[in-house]
Participant: 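Sharing a structure, written as structure tokens. Questions coming.
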Amino acid sequence: TILMIEKPTEIHSITQTPASPESPSASLLPGQVIATLKAGETARAVGVYHGQDYDGFKVKLADGTEGLIMAGDTFKVVSR
């Protein structure tokens, strides 16, 4: 899946929380901003995450950087 960036979009580092009795599976959370993509750039989505407080895409950039883009109106999915 390719995401076409339409507005400046932040990529967040990935923070993994361990499993606990309240949440039996580990989850991914957005961390600090590690990059910002500009309109016209693309990112390859390698996963989709549905968190309690957010939805997002795990992306991998051409330089190998991986991070989370939060769901919103700053990009569109252009291929699957």
Participant: Starting at OH of Y49, measure out to CD1 of I14 and round the result to the nearest 0.5 Å.
Facilitator: 6.5 Å
Participant: Is it possible for you to say whether V46 and I5 belong to one hydrophobic cluster, with membership spreading through side-chain heavy-atom contacts below 4.5 Å?
Facilitator: no
Participant: Considering residues at least two apart in sequence or located in another chain, which fulfil the side chain to side chain contact (heavy atoms under 4.5 Å, CB included) criterion with K38?
Facilitator: E41
Participant: I'd like to know if the side chain of T42 and the backbone of G40 have a donor-acceptor N/O pair within less than 3.5 Å.
Facilitator: no
Participant: What's the shortest heavy-atom distance between T1 and V77, and which atoms?
Facilitator: CG2-CG1, 3.5 Å
Participant: Between R44 and I2, is the side-chain contact (heavy atoms from CB on, under 4.5 Å) condition met? List the steps.
Facilitator: CA-CA 5 Å; R44 183 169 55 98; I2 301 298; 4.1 Å; yes
Participant: Can you give me the closest heavy-atom contact between L3 and A45, atom names plus distance?
Facilitator: CG-CB, 4.3 Å
Participant: Of all residues at least two apart in sequence or in a different chain, which pass the side-chain hydrogen bond (donor to acceptor under 3.5 Å, both in side chains) check with T36?
Facilitator: none
Participant: Distance-only check: which donor-acceptor pairs under 3.5 Å involve side-chain atoms of residues 63-73, not counting sequence neighbours?
Facilitator:
| from | atom 1 | to | atom 2 | distance (Å) |
| --- | --- | --- | --- | --- |
| D63 | OD1 | T65 | N | 2.9 |
| D63 | OD1 | T65 | OG1 | 2.8 |
| D63 | OD2 | T65 | OG1 | 3.3 |

Participant: Taking the side chain as C-beta and beyond, is there a heavy-atom pair between Q32 and I34 under 4.5 Å?
Facilitator: yes
Participant: Is any side-chain heavy atom of L37 closer than 4.5 Å to a side-chain heavy atom of L61?
Facilitator: yes
